[in-house]
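The block underneath contains the structure these notes are about, expressed in structure tokens.
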Amino acid sequence: MAKLVFGMNQSLDGYVDHMAFAPDAAVFRHWIEQVRDLAGSIYGRRMYEIMRYWDDDDPAWDAERREFAAAWRKQPKWVVSRTLKSLGPNATLVDGDLEAAVRGLKARLDGEIAVSGPDLAQSMTDLGLIDEYRLYMHPVVLGRGAPFFAGPRPRLRLAANEMIGDEVIRLTYVPA
């Protein structure tokens, strides 16, 4: 049975904004390994549209970016949307019963399935589907943006912490 994990880079004050700060080389390497090892990812529409950036090669990419793109393209993706009509390669539209679709994926797959996007994570939390939350705390304060947690959560318990590179700490929480 697969484990559903919601994890994102965030500022110290709790915001996720890929345009405001970026992972350093050590954190980017960590994300390459994470994506490579996933059983798949579930995206909300907005996050999927952001991540579609990796579908097309960019001649300016260094070796690490090409490696991330290859790992991202290879993994199965499920996109939760009522408005999207077409998806990129290796992606399946989920436009019906979210709970049934995700429970089916968890039962059918082994390993970790990433949940991408705070709003989608909130919906899945409300349905009791998220098994683990991974907060990658970066040493920046934004003061604005989309919060990592899009709404209230049940009580969480710290399960692990790990330094990623010299400046980022990953805090892993599970429902208490």
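In this chain, residues are counted from 1 in sequence order. Note: hydrogens, waters and symmetry copies are ignored here, and every other heavy atom, side chains too, is used.
- Residue Pro154 comes nearest to Thr125 through the heavy atom pair CD-CG2, 3.6 Å, listed as atom of the first residue, atom of the second, then distance.
- When atom types are taken as modelled, the side chain of Asp95 and the backbone of Ser81 share no donor-acceptor pair closer than 3.5 angstrom.
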>> Checking Val79 against Leu84 for the side-chain contact (heavy atoms from CB on, under 4.5 Å) test, could you report, in this order, the C-alpha distance in whole Å, the side-chain angles of both residues, the deciding distance, and whether it holds?
In response: CA-CA 9 Å; Val79 182; Leu84 286 176; 3.8 Å; yes
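- Atom-to-atom distance recorded for Asn9:CG and Arg170:CZ is 11.5 Å, nearest 0.5 angstrom.
- To the nearest 0.5 Å, atom CZ of residue Phe149 and atom CE of residue Met8 are 11.5 Å apart.
- In the hydrophobic cluster analysis, where Ile, Leu, Val, Met, Phe, Trp and Tyr join through side-chain heavy atoms closer than 4.5 angstrom, Leu105 is grouped together with Met124.
- Heavy atoms only, all atoms of each residue included: Pro118 and Ala150 are closest at O-CB, 3.5 Å.
- Linking ILVMFWY side-chain heavy atoms closer than 4.5 Å, directly or via other members, places Ile50 and Leu142 in two distinct hydrophobic clusters.
- What you find for Thr92 and Leu87 is that their closest heavy atoms are C-CD1, 3.4 Å.
- Take Asp17 and apply the salt bridge (Lys or Arg N to Asp or Glu O under 4.0 Å) test, not counting sequence neighbours, and it matches Arg144.
- Judged purely by atom type and a 3.5 angstrom limit, Lys106 has no side-chain atom pairing as donor or acceptor with the backbone of Ala101.
- Looking at heavy atoms from C-beta onward, Ile42 lies in side-chain contact with Val80 at the 4.5 angstrom threshold.
- Glu162 contributes no side-chain N or O that, together with a main-chain N or O of Ile169, makes up a donor-acceptor pair within less than 3.5 Å.
- When each of Arg66, Arg65, Arg73 is tested with Asp57 by the rule side-chain hydrogen bond (donor to acceptor under 3.5 Å, both in side chains), just one qualifies, namely Arg73.
- Among Phe68, Trp72, Tyr48, Trp61, the one residue that satisfies the ring pair (Phe, Tyr, Trp, His ring centres under 6.0 Å) test with Tyr53 is Trp61.
- Contact of the Arg45 side chain with the Thr83 side chain is registered, since non-hydrogen atoms from C-beta on lie closer than 4.5 Å.
- Summarising the geometry of Gln75 relative to Asn90, their closest heavy-atom pair is O-ND2, 2.9 Å, with the distance given to 0.1 Å.
- Applying the salt bridge (Lys or Arg N to Asp or Glu O under 4.0 Å) definition to pairs two or more places apart or across chains, those involving residues 107-125 are Lys3-Glu112, Arg46-Asp119, Glu112-Arg134.
- Here the shortest heavy-atom pairing between Ala159 and Val174 reads CB-CG1, 4.1 Å.
- For the ring-ring contact (aromatic ring centres under 6.0 Å, His included) test, no residue two or more places apart in sequence or in another chain qualifies with Tyr173.
- For CE of Met19, the number of neighbouring non-hydrogen atoms (other residues, nucleotides, ligands) closer than 6.0 Å is 12 at most.
- Note that the OH atom of Tyr43 and the CD atom of Glu49 stand 13.0 Å from one another [nearest 0.5 Å].
- Under a 3.5 Å cut-off, the side chain of Asn161 and the backbone N or O of Leu171 do not form any donor-acceptor pair.
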>> Go through it in stages, so that I can follow the logic: the residues are Val115 and Ile130, the test is side-chain contact (heavy atoms from CB on, under 4.5 Å), and I'd like the CA-CA distance, side-chain angles, deciding distance and then a yes or no.
In response: CA-CA 8 Å; Val115 175; Ile130 304 270; 3.8 Å; yes
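- Using a 4.5 Å heavy-atom threshold, the side chains of Ser11 and His138 count as separate.
- There is no path of hydrophobic side-chain contacts, each under 4.5 Å, that joins Val140 to Val27.
- Aromatic ring pairs are classed by plane angle as parallel below 30°, tilted from 30° to 60° and perpendicular above 60°; the pair Phe6 and Tyr133 is perpendicular.
- With rounding to the nearest 0.5 angstrom, the CG atom of Leu156 is 11.0 Å from the CD atom of Glu132.
- Asp24 CG to Asp166 CG: the interatomic distance, rounded to the nearest 0.5 Å, is 7.5 Å.
- When all heavy atoms are compared, the tightest approach of Leu158 to Thr172 is CD1-O, 3.5 Å.
- Proximity of a side-chain donor or acceptor of Gln122 to a complementary backbone N or O of Gly151 within less than 3.5 Å is detected.
- Cluster annotation: Val5 is not connected to Met51 through the hydrophobic network of ILVMFWY side chains, with a link wherever side-chain heavy atoms come within less than 4.5 Å.
- Under the 4.5 Å side-chain criterion, counting only non-hydrogen atoms from C-beta, Ser123 is in contact with Leu98.
- With rounding to the nearest 0.5 Å, the separation of CD1 in Ile113 from CE in Met1 is 9.0 Å.
- Taken together through direct or relayed side-chain contacts under 4.5 Å among Ile, Leu, Val, Met, Phe, Trp and Tyr, Leu127 and Val102 form part of one hydrophobic cluster.
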